[in-house]
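In what follows, every heavy atom counts, from backbone to side chain, and hydrogens, waters and symmetry copies are set aside.
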Amino acid sequence: MEDSSQKYSCRTAKETLEWINAIVTFIKPYAFLTNAHVTNFFTHKLWQSIDPDWLQCLRNEPVQNLLLIPCGIIQEHWPASLKEFVLDLKSLAFPREQAHLNKLFPGVNVVSLNTVLAQGMNFKKKHEVEVLSAVVSSIANSLGAQTIVDVGAGQGYLAQVLSFQYQHSVVAIDACSHHGTVMEKRAERIKKHYAAQMRKHYPGTGIPNVPKTITSRVMSIDMLKALTSMSPHIDNVKRPELIGQVADHKTSLILAGLHACGDLSVTMLKTFIECKDVKAVVSIGCCYNLLSEGSLDIAGSQYGYPMSCGVKSAGISLGKSSRDLACQSAERWRSLKQDAGLHNFELHAFRAAFQMVLCKYYPEIITSSPSIGRQGKVLRCQQQRRILQSSINCKESKHSSMPETISHMQELCLRHMSESKTGDYSGSALHSHEFSCNGCTKCNETAAANKFLLFEKFTQSGLSCLGLKSLQETHCHEIWKEAEPFAELIGPYWSLRAALGPLLETLLLLDRLLFLQEQGSSLEAIMVPIFDPALSPRNVAIIAKRI
């Protein structure tokens, strides 16, 4: 599946390899961006690696324009080299607009889930399950496959829709025993509903299909291959030792995985190649940071990346930072509002400044790659509540002419005016101040003080999570004073780096597609964006079937 305006194609192995080589050629000079970690922004002075003209331009750019860079959207006043960089990235990345599924899959019919099947799903998961179940069912019907195996089934949402709504024989596999228990209890509740409906409308028709549940801690190729020797009518198995305990009956399978994590998506593709009874595979990957990566000079296919001979020959390794970056979502960045974007950049600045704290005052902890959890999320929620409360307070005040929604700077200006000796904070005075204040001294000072307080809270919370003693306020202030002059550069830097994310994901996906295409003419393989990318950033399915 390619956009008609796309410069590159992946219809054949040759075309896919040409696309891969173009990505490799483009990306090599930007290793300083793909291999960087933003936590080292201040400690390693990462902004110094960026073209000074780009940085000077972007540091004055509105936040909304920075957030559009990963989507390939440029501004006319930018330097020519910056515009070329962003547009080249866009032309090399696989397009993510949701495909017209009815043109690709005969008889596909995406229907909305009823409330019983959709119970417990958020809007994103419901969208994914509705679409993927329709696609997998269409493929199963076209191939006459007897059983669908839901790999990495989680709580069984996909498996249960395929079983109850589409009436397929389904085996659901997950490594987590708790998921298996939840899956079975959920299936029983759904079964009762469907059984009652069948008794009411179709007396004597029996009981509805229920997915077979398998819990296996090791998702290996051998384990998946063993399923092809099992009867599709096996009872639920809670802790199977599949190898060596299989029945004689053979069945044809389809492997399906909704965001099968890390190497699991790769394992599905390899199983499809090695086991002739697997007639098709539908794989939507995620968590590229968890992929195993092998040395390019080591033979064999035990690693999650690289898979194809073509990528191994191209000689590009990625590393964890690059694979982390491949998980970025351009569409999610694009959908952020200005305040959310600003908060994101602030939190990256806080984390990078916190790294300075560790390097200077706790150097022994740096070697252990410290993780401080979700401090940023907590702070962001606190900030959003504070701004919301300020807006509510303002609306409840006697100054009814004030706008309902105020920016963070307007909030500071209002506070500044309310503290003034004149007491003149009528609607007209506020309006005048809003448009004359381009960051007045008082407001800038207040904003700077607020940022320092937030950084101090971030620091003390992070140290607590690491089991370290608190830092003196003077030391914390010293660090922030050193970092603050460069904090405004973290937004442009992060946006440029995030723009490489879709390209890195494209490389990982094309590697998997090429691996399938290298197997010869006995199968066909395609890449299709099957979900709405704004709802589901990992929306590309790799679909292969035997012909």
Next on the checklist: With side-chain hydrogen bond (donor to acceptor under 3.5 Å, both in side chains) as the test, pick out the partner of Tyr288 among Arg323, Glu293, Glu505.
Outcome noted: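 By the side-chain hydrogen bond (donor to acceptor under 3.5 Å, both in side chains) criterion, Tyr288 pairs with just one of Arg323, Glu293, Glu505: Glu505.
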Item to check | Geometric class of the Trp333/Phe345 ring pair [parallel <30°, tilted 30-60°, perpendicular >60°] | outcome: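 Geometry flag for Trp333 against Phe345: tilted rings.
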Checklist entry - What class does the angle between the rings of Phe350 and Phe458 fall in, given that below 30° is parallel, 30 to 60° is tilted and above 60° is perpendicular? => result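 Answer is tilted, since the angle falls between 30° and 60°.
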Does [X] reach the main-chain N or O of [Y] with its side chain, forming a donor-acceptor pair under 3.5 Å?
| X | Y | answer |
| --- | --- | --- |
| His259 | Arg538 | yes |
| Asp324 | Asn289 | no |
| Ser137 | Ser133 | no |
| His168 | Ala140 | no |
| Asn539 | Phe531 | yes |
| Ser292 | Tyr303 | no |
| Glu15 | Arg11 | yes |
| Gln119 | Arg186 | no |
| Ser163 | Ala159 | no |
| Gln146 | Ser252 | yes |

Checklist entry - So Val151 and Thr271, side-chain contact (heavy atoms from CB on, under 4.5 Å) or not? Walk me through it. => result CA-CA 12 Å; Val151 182; Thr271 302; over 6 Å; no
Do NZ/NE/NH1/NH2 and the carboxylate oxygens of [X] and [Y] come within less than 4.0 Å?
| X | Y | result |
| --- | --- | --- |
| Arg546 | Glu524 | no |
| Lys192 | Glu188 | no |
| Lys124 | Glu128 | yes |

Next on the checklist: Could you check whether Tyr8 and Phe94 have their ring centres less than 6.0 Å apart?
Outcome noted: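 Distance test on ring centres: not under 6.0 Å, no.
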If I compare all heavy atoms of [X] with all of [Y], which pair ends up nearest, and what's the gap?
| X | Y | value |
| --- | --- | --- |
| Thr215 | Cys176 | CG2-C, 4.0 Å |
| Leu514 | Leu17 | CD2-CD1, 4.0 Å |
| Phe164 | Asn209 | CE2-O, 3.1 Å |
| Ala13 | Gln517 | CA-OE1, 3.3 Å |
| Pro70 | Ser495 | CG-O, 4.0 Å |
| Ile542 | Arg512 | CD1-CB, 3.5 Å |

Rounded distance [0.5 Å steps], [atom1] in [X] versus [atom2] in [Y]:
| X | Y | atom1 | atom2 | result |
| --- | --- | --- | --- | --- |
| His127 | Leu132 | NE2 | CG | 10.5 Å |
| His348 | Thr39 | NE2 | OG1 | 10.5 Å |
| Ser321 | Arg497 | OG | CZ | 6.0 Å |
| Leu507 | Leu500 | CG | CG | 12.0 Å |
| Asn21 | Ile316 | CG | CD1 | 10.0 Å |

Checklist entry - If you draw a 6.0 Å radius around NZ in Lys83, do more than 12 non-hydrogen atoms from other residues or ligands fall strictly inside? => result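 Yes - once you tally the heavy atoms of other residues, nucleotides and ligands closer than 6.0 Å, there are more than 12.
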Next on the checklist: With a 6.0 Å cut-off (strictly less than), is the heavy-atom count around NE2 of His193, excluding the residue itself, greater than 12?
Outcome noted: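 Yes, because the 6.0 Å sphere around NE2 of His193 holds more than 12 heavy atoms from other groups.
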Next on the checklist: Run Ile543 and Val281 through side-chain contact (heavy atoms from CB on, under 4.5 Å) and show every step you take.
Outcome noted: CA-CA 6 Å; Ile543 301 174; Val281 60; over 6 Å; no
Item to check | CA sep, side-chain torsions, deciding dist, call: Val136, Leu162, side-chain contact (heavy atoms from CB on, under 4.5 Å) | outcome: CA-CA 8 Å; Val136 172; Leu162 285 167; 4.1 Å; yes
Next on the checklist: Apply salt bridge (Lys or Arg N to Asp or Glu O under 4.0 Å) to residues Lys126 and Glu130 and explain how you reach the verdict.
Outcome noted: CA-CA 6 Å; Lys126 183 173 180 287; Glu130 285 174 349; 2.6 Å; yes
Next on the checklist: For a side-chain contact (heavy atoms from CB on, under 4.5 Å) check, start with the C-alpha distance between Leu253 and Ile148, then their side-chain angles and the critical distance, and finish with the verdict.
Outcome noted: CA-CA 6 Å; Leu253 301 179; Ile148 298 168; over 6 Å; no
